[in-house]
Amino acid sequence: MTMFGLREKCGIAGVFGYPEAANLVYLCLYALQHRGQESAGIASTDGRDIYIKKEMGLVAEIFNEEKLSRLKGFAAIGHNRYSTTGESTLKNAQPLVVNFKYGSLAIAHNGNLVNAHTIRKELEETGSIFQSTMDTEVIVHLIARSKYSNFRDSLNDALTKIKGAFSIVMLKENELIGIRDPWGIRPLALGRLKNAYVIASETCAFDLIGAEYVRDIKPGEVISINEKGVESWFPFEEQELKHCIFEYIYFSRPDSIVFGKEVYEIRFNFGRQLARESDTEADMVIPVPDSGIVAALGFSRESGIPFELGLIRNHYIGRTFIEPSESIRHFGVKIKLNPVRELIKGKRVIVIDDSIVRGTTSRKIIKMIRAAGAKEVHMKISSPPITHPCFYGIDTPTRRELIASSHTVEEIRKYTTADSVQYLSLEGMIKATGYTEKEHPFCLACFTGKYPLKFQ
Ligand code: AMP
Ligand code: SF4
C-alpha cells in the first residue's frame with residue numbers, strides 16, 4: 001500500500017497581529033529546527049494577498065533579510081519538514097498555498113492522516129487533480145469540495161472526514177487557524193506576545209521570541225484568531241487521548257512544555273527509572289550527546305554513579321539519522337562524536353541513549369568507547385525496544401529495519417558489541433511520566449504494535 005507522506009515529522013508555527021509577522025515565524029521555525037531539517041517555508045498575509053517562500057534546506061540557510069521583507073503582513077505561518085528521499089522534493093514542502101472559492105489559503109501540517117489514501121482515491125475518481133503527495137493537500141480538497149457554502153462550515157465538514165495525527169496551522173487573508181486532532185497525538189501550543197497570538201509545535205519557540213505560553217490547543221480544538229480576538233470550537237467526536245510518548249523520549253526539545261509537562265523533567269525521570277531497574281556496577285555514566293544527556297543525568301542522580309561527558313560532539317554537522325545512505329550514516333557517527341580517551345581508559349562505562357532504531361549508532365559508539373580503552377561498556381536505553389514503525393508523523397524506518405522488531409535484547413547486545421544492553425521497561429516508562437498504566441493518555445504503538453488508529 002502506498003502511504004502518502006508516511007515519514008513526515010515536522011514543526012509548525014503561526015503568528016497573528018504583529019507587524020512583520022514573518023520575522024517572528026522565522027525565529028519560531030529556527031527554534032523548531034530539530035523537528036525537521038529537509039525544507040522550510042513561510043506564508044504571510046497583509047490582509048489582501050498571501051505571500052510564500054519555501055525551499056529545501058535549513059531555516060537559517062533559506063531565509064535572509066531580503067526574502068523575509070517580501071513576506072509582508074501582520075500574520076504568517078511556517079513549517080519545517082523532514083521526510084526521507086523519494087518524497088523529498090520542493091513540491092512537497094509546506095506551507096501549501098491555494099486560491100479557491102474562499103479566497104487564498106495557506107496551510108501547514110504536522111502528522112500523518114491514516115485515511116488520506118482512501119480519501120485521495122475517492123477525490124481523484126471524482127475529478128480532483130493533486131499536485132503533491134502531501135496529506136495537507138487532501139485537507140484542502142475536502143474543504144473546497146464540501147457541500148457547505150461558507151468557509152467555516154466547509155472546514156468543519158472537511159475536518160470531520162480526516163483521521164490521524166494532525167496539528168495544523170492555516171492562514172487566510174484575515175485569520176489564523178490552529179487545529180489539533182481529537183486524539184492529541186502531536187503537540188500544539190498557544191502563546192501571546194503583547195497583542196499578538198502565536199501558535200507553535202513546542203513552547204521553546206515562544207521562549208525565543210519572548211512570547212508567553214498561554215496553554216496547549218486542546219485535542220479536537222479549532223482556534224481561530226482574527227482582529228476581533230480568539231474563538232474556539234470542537235468539531236470532532238471526542239476520542240481517547242493518544243499523546244505521542246516519543247515526543248518525551250526523543251523528539252521535543254527538553255526545554256519545551258509538551259502535553260502539559262516539561263520535557264526535561266520527564267526525560268530525567270526516564271533516566272531515574274532506568275537506574276532503578278538496573279543493577280550494573282560502573283565507574284561512570286556517559287550520555288550519547290545530545291539525545292541521551294537528560295536521561296543520563298537522571299540515571300546518575302538516582303544511581304550515584306558519576307556523570308561524565310565522555311563523548312564530545314561536533315555540533316556543526318547534522319543528525320546522522322538524516323543522512324541518506326547507509327555508507328554515509330556509518331561514517332556520520334565518526335564525524336559527529338569523539339571519546340575522551342584519558343577519562344574512559346580502564347573504566348567500566350555505562351552509555352545512555354534515548355532509543356535504538358536500527359542499532360547503527362549504538363554499535364559505532366560502543367566500538368569507539370572500547371577502542372578508547374574502556375574495560376566494560378554497558379548500553380542503557382531510556383525507552384523500551386522499538387518494535388513497530390510509526391504511522392502518525394514520527395520518522396521511523398520500516399519494521400524490517402528496526403533492529404528490535406526481529407532481534408532479542410541478547411542479539412542486540414551481540415550486534416552492538418556491548419557487555420550488556422538494558423532497555424527501560426514499558427511500565428517503568430509510563431510510571432516515570434507521572435501516570436498510572438491504566439490512566440495514561442499515550443500512544444505506545446511503536447513499542448507495543450497496538451496502533452490506536454488503523455490505516456484505511
Ligand atoms: P540508530 O543508529 O538507527 O539505532 O539510531 C539511533 C539514534 O537515532 C539515537 O541516538 C536516537 O536518539 C536517534 N533517533 C531516534 N528516533 C529518531 C527519529 N525518529 N529521527 C531521528 N533520529 C532518531
Ligand atoms: Fe509516537 Fe510511537 Fe505512537 Fe508514533 S507510534 S505516535 S512515535 S508513540
Side-chain angles (χ1 to χ4, degrees), residues 6-10 34-38 82-84 110-112 114 164-167 181 183-187 241-252 254 258-259 267 270 287-296 311 313 318-323 326 328-333 336-337 351-367 379-399 401-405 407 412 415-416 421 423 426 429-430 433 440-455:
L6 175 63
R7 292 186 179 171
E8 281 179 48
K9 54 171 197 170
C10 309
H34 60 288
R35 296 185 74 87
Q37 301 91 15
E38 181 208 83
Y82 169 62
S83 95
T84 48
N110 170 213
N112 274 126
V114 292
F166 47 92
S167 283
D181 68 68
W183 297 269
I185 300 175
R186 303 258 79 85
L241 294 183
K242 294 290 171 196
H243 301 323
C244 169
I245 196 141
F246 222 77
E247 293 281 351
Y248 284 147
I249 296 166
Y250 165 79
F251 205 23
S252 290
V258 168
F259 311 136
R267 219 167 267 176
F270 288 158
V288 173
D290 292 335
S291 48
I293 289 180
V294 182
L311 289 166
R313 177 174 171 197
R319 290 179 178 184
T320 55
F321 194 85
I322 67 166
E323 301 296 346
E326 191 71 11
I328 294 180
R329 203 162 36 237
H330 277 283
F331 186 45
V333 181
K336 191 171 154 188
L337 296 171
V351 183
I352 299 205
D353 204 356
D354 65 331
S355 55
I356 295 179
V357 181
R358 298 177 178 87
T360 325
T361 308
S362 306
R363 183 179 155 95
K364 280 278 161 194
I365 285 172
I366 287 160
K367 286 188 162 182
M379 189 77 205
K380 299 201 185 283
I381 302 295
S382 59
S383 65
I386 303 175
T387 51
H388 290 74
C390 174
F391 299 119
Y392 314 129
I394 291 273
D395 174 68
T396 46
T398 58
R399 185 144 190 223
E401 291 172 273
L402 291 168
I403 191 167
S405 73
H407 294 76
I412 295 170
Y415 173 74
T416 57
V421 168
Y423 285 93
L426 190 74
M429 174 176 74
I430 295 166
T433 62
H440 76 82
F442 297 113
C443 171
L444 305 167
C446 45
F447 307 113
T448 62
K450 288 185 194 138
Y451 291 102
L453 296 160
K454 300 269 176 288
F455 256 89

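For ligands, and for the atoms within them, numbers begin at 1 and follow the listed sequence.
Close approach to Ser291 involves these atoms of ligand 1, each under 4.0 Å from a residue heavy atom: 10 (O), 12 (O). Listed by number with element, the atoms of ligand 1 under 4.0 Å from a non-hydrogen atom of Arg358 are 1 (P), 3 (O), 4 (O). Within the listing of ligand 1, atoms 4 (O) sit less than 4.0 angstrom from a heavy atom of Ile356.
His407 places no side-chain N or O within donor-acceptor distance of the main-chain N or O of Ile412, the cut-off being under 3.5 Å. Between the side chain of Ser362 and the backbone N or O of Gly359 there is no donor-acceptor pair closer than 3.5 Å.
Between Val357 and ligand 1, at least one N/O pair is under 3.5 Å apart. No N or O atom of Ser362 sits closer than 3.5 Å to an N or O atom of ligand 1. Of the N or O atoms in Gly359, one or more lie within a sub-3.5 Å distance of an N or O in ligand 1.
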Pair Val114, Lys454 - check side-chain contact (heavy atoms from CB on, under 4.5 Å), show working. CA-CA 7 Å; Val114 292; Lys454 300 269 176 288; over 6 Å; no
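Contact annotation: for Thr360 versus ligand 1, heavy atoms closer than 4.0 Å belong to both the backbone and the side chain. When non-hydrogen atoms are compared, ligand 1 lies under 4.0 Å from the side chain of Ile394 (C-beta onward) but not from its backbone. The proximity of Asp353 to ligand 1, defined as any non-hydrogen pair under 4.0 Å, is limited to the side chain.
Under the rule for a ring pair (Phe, Tyr, Trp, His ring centres under 6.0 Å), the partners of Phe166 that lie at least two apart in sequence or sit in another chain are Phe236. The side-chain contact (heavy atoms from CB on, under 4.5 Å) check on Ala295 picks up Ile352, Ser382, with sequence neighbours excluded.
Residues Ser167 and Asn110 have side chains that never bring a donor and an acceptor to within less than 3.5 angstrom of each other.
The only member of Tyr451, Phe442, Trp183 that meets side-chain contact (heavy atoms from CB on, under 4.5 Å) when paired with Lys242 is Trp183.
Ligand 1 lies less than 4.0 angstrom from a heavy atom belonging to Phe246. Using a 4.0 Å cutoff on heavy atoms, Val288 does not count as a contact of ligand 1.
For ligand 2, the protein residues placed under 4.0 Å by at least one non-hydrogen atom are Ile185, Cys244, Ile245, Phe246, Cys390, Tyr392, Ile394, Cys443, Ala445, Cys446.
Here the side chains of Thr416 and Ile403 are not in contact, with every heavy-atom distance at 4.5 Å or above.
Remark: Arg35 qualifies as a cation-pi partner of Phe251 under the 6.0 Å distance and 45° angle criteria applied to the six-membered ring. A cation-pi arrangement, defined by a distance under 6.0 Å to the six-membered ring centre and an angle within 45 degrees of its axis, is absent between Arg186 and Tyr392.
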Identify each donor-acceptor pair in which a side-chain atom of residues 383-391 lies under 3.5 Å from a protein atom, sequence neighbours left out, and give them as a table.
residue, atom, partner, partner atom, Å
Ser383, OG, Asp354, O, 2.8
Thr387, OG1, Cys446, O, 3.4
Thr387, OG1, Phe447, O, 3.4

